[in-house]
12 protein chains.
Amino acid sequence: MNERPLVLLLSGPNLQLLGEREPEIYGRERLDDHVAAAASAAAGLGLTLEHVQSDSEAELVAAIHEARGRCAAIVVNPGAFTHYAWAIHDALAAFAGPIVELHLSNPQRRESWRHTSVVAPVATATIAGLGGAGYRLAIEAVTVLLEGDAVSR
Amino acid sequence: MNERPLVLLLSGPNLQLLGEREPEIYGRERLDDHVAAAASAAAGLGLTLEHVQSDSEAELVAAIHEARGRCAAIVVNPGAFTHYAWAIHDALAAFAGPIVELHLSNPQRRESWRHTSVVAPVATATIAGLGGAGYRLAIEAVTVLLEGDAVSR
Amino acid sequence: MNERPLVLLLSGPNLQLLGEREPEIYGRERLDDHVAAAASAAAGLGLTLEHVQSDSEAELVAAIHEARGRCAAIVVNPGAFTHYAWAIHDALAAFAGPIVELHLSNPQRRESWRHTSVVAPVATATIAGLGGAGYRLAIEAVTVLLEGDAVSR
Amino acid sequence: MNERPLVLLLSGPNLQLLGEREPEIYGRERLDDHVAAAASAAAGLGLTLEHVQSDSEAELVAAIHEARGRCAAIVVNPGAFTHYAWAIHDALAAFAGPIVELHLSNPQRRESWRHTSVVAPVATATIAGLGGAGYRLAIEAVTVLLEGDAVSR
Amino acid sequence: MNERPLVLLLSGPNLQLLGEREPEIYGRERLDDHVAAAASAAAGLGLTLEHVQSDSEAELVAAIHEARGRCAAIVVNPGAFTHYAWAIHDALAAFAGPIVELHLSNPQRRESWRHTSVVAPVATATIAGLGGAGYRLAIEAVTVLLEGDAVSR
Amino acid sequence: MNERPLVLLLSGPNLQLLGEREPEIYGRERLDDHVAAAASAAAGLGLTLEHVQSDSEAELVAAIHEARGRCAAIVVNPGAFTHYAWAIHDALAAFAGPIVELHLSNPQRRESWRHTSVVAPVATATIAGLGGAGYRLAIEAVTVLLEGDAVSR
Amino acid sequence: MNERPLVLLLSGPNLQLLGEREPEIYGRERLDDHVAAAASAAAGLGLTLEHVQSDSEAELVAAIHEARGRCAAIVVNPGAFTHYAWAIHDALAAFAGPIVELHLSNPQRRESWRHTSVVAPVATATIAGLGGAGYRLAIEAVTVLLEGDAVSR
Amino acid sequence: MNERPLVLLLSGPNLQLLGEREPEIYGRERLDDHVAAAASAAAGLGLTLEHVQSDSEAELVAAIHEARGRCAAIVVNPGAFTHYAWAIHDALAAFAGPIVELHLSNPQRRESWRHTSVVAPVATATIAGLGGAGYRLAIEAVTVLLEGDAVSR
Amino acid sequence: MNERPLVLLLSGPNLQLLGEREPEIYGRERLDDHVAAAASAAAGLGLTLEHVQSDSEAELVAAIHEARGRCAAIVVNPGAFTHYAWAIHDALAAFAGPIVELHLSNPQRRESWRHTSVVAPVATATIAGLGGAGYRLAIEAVTVLLEGDAVSR
Amino acid sequence: MNERPLVLLLSGPNLQLLGEREPEIYGRERLDDHVAAAASAAAGLGLTLEHVQSDSEAELVAAIHEARGRCAAIVVNPGAFTHYAWAIHDALAAFAGPIVELHLSNPQRRESWRHTSVVAPVATATIAGLGGAGYRLAIEAVTVLLEGDAVSR
Amino acid sequence: MNERPLVLLLSGPNLQLLGEREPEIYGRERLDDHVAAAASAAAGLGLTLEHVQSDSEAELVAAIHEARGRCAAIVVNPGAFTHYAWAIHDALAAFAGPIVELHLSNPQRRESWRHTSVVAPVATATIAGLGGAGYRLAIEAVTVLLEGDAVSR
Amino acid sequence: MNERPLVLLLSGPNLQLLGEREPEIYGRERLDDHVAAAASAAAGLGLTLEHVQSDSEAELVAAIHEARGRCAAIVVNPGAFTHYAWAIHDALAAFAGPIVELHLSNPQRRESWRHTSVVAPVATATIAGLGGAGYRLAIEAVTVLLEGDAVSR
């Protein structure tokens, strides 16, 4: 019987291309590698990871809805949706647990349109620029946040 | 004989007030607690931590200069200097190793003047919103970056 | 045989959470309650209501396409799509009848990114800030607009 | 003896020209027609309507002051004052009951300077684009708001 | 025979609500209390105070015109007119004596539209954020300015 | 034994040039004159004045830190730091007592970059444009604020 | 019996100070002199001049309303209202004849807030920078415009 | 056996309405007509055309993914997605061949929000304003680009 | 012997098309007609008119240079150069006499890029929107300005 | 006898350097090559090509004037004039036939000042990013536009 | 036989007025004086100076073209063209040698439209504010740059 | 006895890294080399050079204060302080002699935040982009300025 807290990992559009697309920016590992690393880290910390990847804003919104009351935390790498998909913002705003915004690269160093995040206003924490290793650290961050060891704003 | 790589932890102005100042934003732990946690994490990962806290932009610039060729990485929480102290940007730009920008709260959720970071253009990675636990994760991030396990931009 | 004019009621992303999500902003009634009230008001005014809720911009666009030549008017609460989904704007621009933009809260009183509406340039009328009761008034507004009792711009 | 709640209807500058001025935008009915329709709707809903039209910001401010503690709600079509008359904003902010902002046309579809409303930050609800019929609906909106059937923000 | 210099105190729209309107911002004292305190301070300093309160920009302009050549100084709390009433700016520009801009609260801490003052370009001095006590200090400021003890710009 | 409340007077960069630098803007009195006047006014009102002048942002931050729990109020003329030194903002935000922002000239009348104050968001009150006399009035303002006779925002 | 076409000359706030206020900008002649010159020019061209000066936006709006259907053209020097009084814009938009915007100085050479005119979008022609002589030329302009000798936009 | 290079033609939301929607802007031919003309032109030039129309950003992203390594070039008319759908930008950025951005009308002549293209930063070439004939020319452009006869930026 | 003051009339690019190009904006008279009217008006007022039309910024600059010390005033309709040709601004700034900026239509009513004039900062007066009749009035304006009957700024 | 429709090809400043200047952006072919290709394409389509290259805005304006009533269409590559030469805009606005804006590179991918086109508001169509081959396609585009096979806006 | 490297000195519009126009800004020496000083300095440093002054953007572009492959460096004082003449930017970008931007006054201290330089992005160095002496220093700068003694960006 | 005029050379933060930091931008020579070259040039021109390098804004301000009345001119390379350190602006504004702003690279060609200089409004002259050679030329510039051979603005 699974009684371990669930953590939802969300991956936005184009992330299934990881390892192929612009490896000088996003690294050479594949999304599956990152998810496996996150799942492993989660297991080691007493958490169970669920992963949803979608190019569809509607499917990501639906996954967030389904996490309400069922998952303890969300880690979200919204890909390009980071910069305009306010429907994801509104869905996340209706989620009660901690939310970690995750990026492989550091968006603040790239094109200016990547400097704006519609997720940031509802993200408890942000981790960016660590490539695939960010997935493991985001899981650690979730643990921290679930323990209430972080600031509230 | 100490042969372990050095990591410089920089704390900007007002951070010595941690635990006293606006605890609803910055948490109730003191800076010493965070530094101790970071040092402990560093030791566990085979790193030696140095810490410099200063309210003076010049002293922070000097500390970065002294780290050149001596330290392997820098973790920097520039406090309010994040938003205007371009001299720190230029000093960091002359440092060859990875740089992790660290914030206790998530600046993107706060006043609009906190949304701009002069450090971001030279920061390899960013960790924000995890309170004191961010210090430990920043050290882990350094390990990742020193292992070349992260993306280059 | 149904010969009464059809009115399409469109609900955008996250609106199925009504009654659960941020009730201090959106009220405690559920979307079904609002739709039922609108349908009842429509019936009382000799109209038949169709309702489509979707988190998918594509499905909302499709619903608007299907309403062309079949429905007499559209009432649309685009949720977060209000602020960026120009494809919905273009679909509505190809609809010949009156269009009522409906919001439960008053977006002009909230975050600045909610002050821009991509629907407004093609909306005949706007009703906002009346919570669930707005649905009934929007149906009344449709009646007015179908009777040509309103201004043309 | 009149014990029915009072509703103040405010009409800003140039509205006395309705029916004459730019009828393709504002319709061909006169302000008196609209006020009569609003009064009739109010009576039908157990409310008594007072109407003040003025081209003077000071008179509109005075009318709002006099409504304090005496009227249950305000419906205001500020005309061009919508876009700059912050003194009206401040007067309305000192009124305790619900406030409905009313426009004959939909300002969001017109010149860009009409897109800003200084009344919106204190308006509970907004109705726009329904021509003269908006007056009747605004009265209905007042009933809704007085019954507490609407959202608070 | 009154030979003491006259000081004109101008109060803009809504200030007659002081003590009633938003006391958490503007304090609980009434405008009459503030004027009485100012008059008393003036008398103690050898000045005679005149007070004009109006919700009408035209009346405030007229009061400034009448002060030309007759009053030695003006203290003006323009209320909401601070932010757009350029006619008051032009009237004050034609007044030869010192002008003190007075606000009960500190407008720079409030909504961004309150950060702009059309009076500031012609105000010799500014006093803000001291509630009713600001009236007394503004009178002292007038004394200072009339004695030429202040900077010219 | 000194039991009178302490007031910290802070003077930012270049203020030691007063009386020499641009006297047509800042007046001909020296900073010492102003401080003496302020100290005298403080003594007359039962307060003890401390004065710190520094061209160093770090020293001003330190002076504010040292005032925490020891001084009852701060009067600060940040000089050019007014316009960019957010570290001073953050230090002042951690001070519990009232804060009076003081300027010899009226910055709103000068170059546009002087129109922005990073101190304003944490300043209880502002006094500007009164030259050296502003120091005495700022002390009076402190008395008012310590007596709770002012508005809270 | 007066059968000559009427021309309404409108003067906005502070213009009654002409000859006294800032003569280096506005010249030394008085408004009466300008009006007399305009009336004389009008008479010579077969027109009758009416003049209304007011510091009140409402009175200027009313004067424009009264000119509808009665006057052939309007010459308006709105003073400071030029830059924000949209109610005057809306009133002028409802006037069918030609409208000449008149300024004594050239607003485009002065402060940037004087570069925006809310009257311009409805002004057939503009004459600025000619001091009192502008009044005579504005009357000539009216003659031209009434003769249809000018372009339509 | 088909050995001819594949060209993917992508049509964004609402384009299936071509011929019906706003024919004064988009022309009277249907999308099928345009696709047939493009396919015919492609065949004549030794290319095989594939066409995907979708109102769904996710489906367009998927179609681009599937074209990777399989198609030689992409012609894309993103419809309203042109102006905000950065996920399409990111998908196209991961496609190695030439990309032609195609519009029936000239977006630079229309509403200002149509002046921004999120596709332009990754589009090798742009063809706009030629109506249905643009499809044929876009195919010719593909031939040019595949022959390396064009500039690289 | 010609001893009458010279006035230079400058016409910018495309003005030779007058009467042909967009007559609904610029009228149906030709430039020659306007120049003849201006010359006639000049003669009647004791002035001699010179006219230079050029599509070349350099030729207009040269004409202004040649007018220095020889002509008493300049009337300039810079056409499209109004909005960007700062070299003409600098040339006019070196001319000592009065300068009248002339436009056939009212640029403030047209596209927003026509609202900026690089000539305005050096134009004594502006006449716009009077079509060809503006030429005659501009000559009258020159007379006024040469007589010193206008304001200096 | 030449009865074939004339097409004017205009080349702006610096284009005579093609093949020499920045070949990585503009390609290695020379302008003569492009013009020859365009002329050949024109001949094949029953059109006669005229070519004017000039670094002078005035000469380009003159060439456009001379094309009025004589040429059927214009293809224009304005070079750097694209971004500020409004006189060319006005000249093209007075040309009755179709206008094709042509660029060798894709300006939307380059420096931000190249994103604005003063020609776009009067260009029927745009072709960019195809290097020298764009000349041939622009001629084809002209044929399409002359046949009325394109949209009107 | 002249084998010394050629340096092209370019002077933009209005510079032939030097010594006459606004001497308080540009000094009292004439352009000829400056050119002679530059030529003398050049000769002393083993360089030969060519000088072209023109009010025509086209002639300046042509002079730059002719310098390609023939001159070793360019010194350019573009006058007002500094701020908008992108054709000069493009011509300079095609010049292979060092480019020194020269101004008599310091444009950053003057009107805001003089703060933007279209030449700066292609200027190796800038010298401003030294009046006529700047010409000599610019020649020295050329020597430095030709010796490779300067930074590359 | 030293009677030669003193020149203060100021070097801002990070300049002590010259020769090490980003040599592709700043060159390979060290600051000491540049200072020695400047001192040598100064000696040759009858001047004595003092040099202060500091990463501290306060120390630079103090050095400027100490130069008042003692030094004849200042050459300042403020490093990153160029872009935000208004306290240095204010200190320089209180210095009576000429001020030369010096940069090794050309800031106008680099990141946009380097385009703004807070020193420019008080800098008599600017020299940029000449690497180490700029130091020598700046000394020559000082000589020019001390001889009054330059323009005053």
Side-chain angles (χ1 to χ4, degrees), chain D residues 10-32 52-64 76-89 91 101-108 110-120, chain G residues 8 10-14 52-74 76 78-99 101 107 111-124 152-153:
Chain D
L10 285 175
S11 300
N14 297 303
L15 290 177
Q16 69 271 53
L17 298 187
L18 279 175
E20 303 178 36
R21 167 196 172 206
E22 297 172 274
E24 73 288 359
I25 299 177
Y26 298 107
R28 296 189 178 279
E29 286 175 299
R30 305 181 68 86
L31 183 58
D32 284 354
V52 172
Q53 190 279 331
S54 177
D55 297 335
S56 160
E57 189 177 4
E59 290 179 9
L60 294 170
V61 166
I64 297 166
V76 57
N77 178 346
F81 285 159
T82 305
H83 311 302
Y84 62 106
W86 288 104
I88 292 176
H89 167 280
E101 182 180 351
L102 174 67
H103 299 284
L104 289 153
S105 63
N106 184 350
Q108 302 294 326
R110 303 179 62 195
E111 304 97 315
S112 63
W113 56 270
R114 294 200 202 263
H115 295 192
T116 301
S117 167
V118 302
V119 168
Chain G
L8 175 62
L10 285 176
S11 300
N14 296 303
V52 172
Q53 191 278 330
S54 177
D55 297 336
S56 160
E57 188 177 4
E59 290 178 10
L60 293 170
V61 165
I64 297 165
H65 288 183
E66 284 163 24
R68 287 164 38 89
R70 199 174 59 84
C71 295
I74 293 177
V76 56
F81 285 159
T82 305
H83 312 302
Y84 61 106
W86 288 104
I88 292 176
H89 168 281
D90 278 2
L92 289 171
F95 179 79
I99 296 166
E101 182 180 350
E111 303 98 315
S112 62
W113 57 269
R114 294 200 202 264
H115 296 192
T116 300
S117 166
V118 303
V119 167
V122 290
T124 321
S152 63
R153 183 160 66 159

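Each chain gets a letter, A, B and so on, in the order the sequences are listed, and its residues count up from 1.
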If you count heavy-atom pairs under 4.5 Å between each of G:Ser56, G:Ala58, G:Ala96, G:Ala93 and chain D, which one has the most? G:Ala58
Output all residues satisfying ring-ring contact (aromatic ring centres under 6.0 Å, His included) with D:His83, sequence neighbours left out; order by chain, then residue number. D:Trp113
Is D:Gln16 in contact with chain G via its backbone, its side chain, both, or neither, using a 4.5 Å heavy-atom distance? side chain
With sequence neighbours left out, write down each residue that passes salt bridge (charged side-chain N to carboxylate O under 4.0 Å, His left out) with D:Arg30, or none if nothing qualifies. D:Glu20
Could you pull out the closest heavy-atom pair between G:Ala62 and D:Asp55, with the gap in Å? N-OD2, 4.4 Å
Taking the side chain as every heavy atom from C-beta outward, state whether G:Glu57 and D:Phe81 have any pair of such atoms under 4.5 Å apart. yes
Quick check for you: to the nearest 0.5 Å, what is the distance between G:Ile64 atom CD1 and D:Leu17 atom CG? 10.0 Å
